[in-house]
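Working notes for the structure below.
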Number of protein chains: 2
Amino acid sequence: MSATETTRSSRPGAPALRGVGRALRPTAKVLPEHARAHNRALVLQHLFHQGPSSRADLARATGLTRVTVSDLVSVLIAEGLVAELGVRPEGRVGKPATLVGMRTEDLQVVAVDLADDASLRGAVMTLTGVVVARRTAALDGRTGDDAVAVLEDLCRDLLAAADRPVVGVGIGSPGVIDSTGFVVEAPNRGWYDLPLAEHLTTRLGLPVHVANDANTHALGEYTYGGAPGDGLMVVTVGQGVGAGIVLDGSLVRGRADAAGEIGHVTVVDDRDVRAGDPQPRPCACGRAGCLETLLSLPALRRATAGTTPEESDAVLASVGRKLGLALAPVVSALNLAEVRLSGPAELLDGALRAEALATVRARTMPLLGQDLALGMSSLDEDGALSGAAALVLSGQLGVT
Amino acid sequence: MSATETTRSSRPGAPALRGVGRALRPTAKVLPEHARAHNRALVLQHLFHQGPSSRADLARATGLTRVTVSDLVSVLIAEGLVAELGVRPEGRVGKPATLVGMRTEDLQVVAVDLADDASLRGAVMTLTGVVVARRTAALDGRTGDDAVAVLEDLCRDLLAAADRPVVGVGIGSPGVIDSTGFVVEAPNRGWYDLPLAEHLTTRLGLPVHVANDANTHALGEYTYGGAPGDGLMVVTVGQGVGAGIVLDGSLVRGRADAAGEIGHVTVVDDRDVRAGDPQPRPCACGRAGCLETLLSLPALRRATAGTTPEESDAVLASVGRKLGLALAPVVSALNLAEVRLSGPAELLDGALRAEALATVRARTMPLLGQDLALGMSSLDEDGALSGAAALVLSGQLGVT
DNA sequence: ATTAGTAAGGAAGGTCTACTAACAAACATG
DNA sequence: CATGTTTGTTAGTAGACCTTCCTTACTAAT
């Protein structure tokens, strides 16, 4: 069967009737109450990012009237999400403003990172991402339902460790996970077609959000990382290589919720081997020459073990070039301005990053490349946890 | 100045205060009337794609109540966008349904394609994309304001040729154009910082929408081309190479409204030259080895001129492979399921397309690659015009 | 023919949302 | 001290959708 024959889309013999017969996209009705929820999120968003403001400030920022904002704020205060903070100190003309602020330090979230194969890492965090307590749970090789049980126990443990009201639970896991927190497949945990978010929401009695770990990482970077308003791509380097893309404030999920799987793009093949280049190595995905065979932490550590700094830099630069090759078309096609790397700085934040940036710039339109920033993630080693927390902020409060 | 030093994003010395200080993204308030506009578009969308329906059908499809749908439909009928079509013929239990349908054949749009350097091509089309009349206007080398005048005259000419009410004017132009129809730069026409949509809307007295030609092409493919609901990328091959990407029903614009500039991704560089591969050729963008130096129509014609069919296929396959190299990372990162090529079938729809698809499949995760469809655009030679028409449908009626 | 059941479409009334208009409170300034 | 400015609230209005109930018109069964 040739590649041509297996192509699903092709020109039909007769031109199809235009404008009819296409499956309707899942568009949803919008009710006034949805509009209100949106405006409510707008107010929270402003308070989260800009800090305490007066109701009049919020009205100016959102475009709503002072009356409407007052109404929304009173609801938020009643819910305990917002508090009055007294009168604004600065003296200006007119009636002094009473500041209201989001109670980011009086509310907490539970965040869990499932990236590691050996143990689950969890934390209780404030809404600003400050870690209040940590817990871990060893998997001891458990998978499937047993792994779910370990996760649930860890969540209960963390909920008990929280000393403030918990807004929700956020979980970042490897694997393919849809927007409802349904795990399509997570081979490392032995999960297939598992409604994890729904299950835990029921069991724990409060909202649980689950998403792919690289995606949550990107969301966290977008929320906490001071990224510009447009678009953002985060490449996470760990056991494997993943990526998350945020465009227009929301995650790109892709047709099968598998967006970001950049680790298995081929960057070395036997036709490309040149002097000084590595041979294509077999990859866990069954093929060879994937980016992940060079850029994952095990691969980087193996390649740099026992080398001089100069040799190490050469190796890292070579990997950086491969990363740049894979990034250039993506940066061009999406006109991305911001790409960030997440992982150990000692491996990534040197020759590798420099060469990756140089490669992308050399291989894209000057206009695009010059605007590009390729930096390290602004989140520290708790980036995955911060991402899980951002997942709660986004899903629960509409704040990104 | 090294590449590293010019990186804008970097780790600040002290961790920044999280959750504050980030420039607020341009989020807008939502009023109940916006909700109504959305629901109105939902009804039109259904009627456009699914054909005539009863009010009860529309209520079921949208999730709104029959009362609300009846109200929306009566407004749409009053506006002349929708008409009652009598009773549904099929006999079922209950009161027979009266069908209502969008008046797609009783309304027209004016579409203009500015892709050609020598002349502007325009057409009057029905809402389903059927061409009613054509007009062209020679540019004779005019640029800047003179070219705008030619365009305006062509539009007036087309408006006069329309024999039904015209909903709006859609224009697809090369260059960087923002979402308001403001031309940031269109070097081929000598336009820089030109509010073209606003200008023509004022001059012509009806709504004018302007967007990049590759983007309109993608939108047209999405609207008229029977594409699946998820995502879509269209690669247009003409004088140059462009691309447009539709995700979640809306165009990807990118940070500087330059998304889709895939023609200037480097696919051949002097480090990559192997036996049988072309040398990197200089490109109009000032660099060398861009995809456009191989895949544009002039390049393809030059490469295949005077060759035997076998030689020609080999050349085209080689170009297809380069296209596949550029597409693979994009397909992986976005989990795209649908890529379509637009251009002369005799050049694209053979060895080139087959090799491009094979290359993408070989270089991406099996899960992603197998799902991928890489076909020809379902729009014919009027694809650019259909795209411009889709621009009007989308911008004016909310139908995509 | 008659009765029952089903579906379509419309009318009345209620709730929710955000708006405009007007006003009192509290302060800076001349 | 009078004046102007800004804040936040109260009261009233308009829009949008909902639920409920009704009429109309047909099919299916008796």
Side-chain angles (χ1 to χ4, degrees), chain A residues 27-44 46-47 50 52-79 82-101 398, chain B residues 27-44 46-47 50 52-79 82-101 398:
Chain A
T27 8
K29 63 175 172 180
V30 172
L31 270 44
E33 66 199 81
H34 299 138
R36 182 156 178 97
H38 176 97
N39 291 336
R40 194 188 107 117
L42 224 53
V43 169
L44 278 180
H46 187 92
L47 290 177
Q50 311 295 345
S53 320
S54 73
R55 293 169 174 84
D57 290 337
L58 291 167
R60 278 185 290 266
T62 59
L64 298 164
T65 62
R66 293 200 303 273
V67 180
T68 304
V69 168
S70 281
D71 191 35
L72 288 167
V73 166
S74 71
V75 171
L76 292 170
I77 289 177
E79 291 176 11
V82 163
E84 287 207 340
L85 303 174
V87 175
R88 168 180 278 147
E90 313 128 53
R92 291 188 299 189
V93 294
K95 175 180 173 178
T98 56
L99 293 176
V100 294
Chain B
T27 9
K29 62 175 172 179
V30 172
L31 270 44
E33 65 199 80
H34 299 138
R36 181 153 178 99
H38 176 95
N39 292 337
R40 193 189 108 116
L42 224 53
V43 169
L44 278 181
H46 187 91
L47 290 177
Q50 311 295 346
S53 320
S54 73
R55 294 170 175 84
D57 290 337
L58 291 168
R60 278 185 289 267
T62 59
L64 297 163
T65 61
R66 293 200 305 271
V67 178
T68 305
V69 168
S70 281
D71 190 36
L72 288 167
V73 166
S74 70
V75 171
L76 291 171
I77 288 177
E79 290 176 12
V82 163
E84 288 208 340
L85 304 175
V87 175
R88 167 180 280 147
E90 313 128 52
R92 292 187 299 186
V93 295
K95 176 178 173 179
T98 56
L99 293 175
V100 294

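By convention in this document, chain letters (A, B, ...) are assigned in the order of the sequence lines, proteins followed by strands, and residues within each chain are numbered from 1. Nothing here was measured: the structure is a model prediction, and the numbers come from that model.
Put simply, R88(A) has no side-chain N or O that comes within less than 4.0 Å of OP1 or OP2 on dC27(C). At dT6(D), none of the side-chain N or O atoms of S54(A) fall inside 4.0 Å of OP1 or OP2 (strictly under the cut-off). For dG9(C), neither phosphate oxygen OP1 nor OP2 lies less than 4.0 angstrom from any side-chain nitrogen or oxygen of S70(B). Considering only side-chain N and O atoms, R66(B) lies nowhere under 4.0 angstrom from the phosphate OP1 or OP2 of dG10(C). One finds a side-chain N or O of T68(B) lying less than 4.0 angstrom from the OP1 or OP2 phosphate oxygen of dC18(D). Contact annotation: T65(A) side-chain N/O to dT20(C) OP1/OP2 distance is not under 4.0 Å. Phosphate proximity of dA16(D) to N39(B): absent, as no side-chain N or O sits under 4.0 Å from OP1 or OP2. The shortest distance between the side-chain N/O atoms of K29(A) and the OP1/OP2 oxygens of dA16(D) is not below 4.0 Å.
Mapped onto DNA chain C by nearest heavy atom, P96(A) and R36(A) fall at different nucleotides, with R36(A) at the one closer to the 5' end. Mapping A35(B) and G94(A) onto DNA chain D via the closest heavy atom, the residue that lands nearer the 5' end is G94(A).
Put simply, the side chain of R55(B) and the base of dG9(C) share no donor and acceptor less than 3.5 Å apart.
Relative to the side chain of V67(A), the nucleotides dT17(C), dA7(C), dA21(C) differ in distance, and dA21(C) lies closest. The side chain of K95(B) sits closest to dA7(C) out of dA7(C), dC19(C), dT17(C).
Between E33(B) atom CD and dA16(D) atom P the separation is 7 Å, expressed in whole Å. For D71(A) and dC16(C), the CG to P distance is 12 Å, given to the nearest whole Å. Taking atom NE2 of H38(B) as the reference point, atom C1' of dA16(D) lies 14 Å away to the nearest angstrom. Nucleotide dG10(C) holds its P atom 13 Å from the CG atom of L72(B), rounded to whole Å. Nucleotide dG10(C) holds its C1' atom 14 Å from the CD1 atom of I77(B), rounded to whole Å.
Residues H38(A) and A28(B) come closest through the heavy atom pair NE2-O, 2.7 Å.
Going from atom CZ of R55(A) over to atom CG of L99(A) covers 10.0 Å, rounded to the nearest 0.5 Å. Within the model, atoms CG of N39(B) and CG of L31(A) stand 7.0 Å from one another, a figure rounded to the nearest 0.5 Å. Between the CG atom in L58(A) and the CZ atom in R60(A) there is a gap of 9.5 Å [rounded to 0.5 Å].
D57(B) and S54(B) share a side-chain donor-acceptor pair at under 3.5 Å.
Within the 4.0 angstrom heavy-atom criterion, only backbone atoms of the sugar-phosphate kind lie near R60(A); the bases stay farther away.
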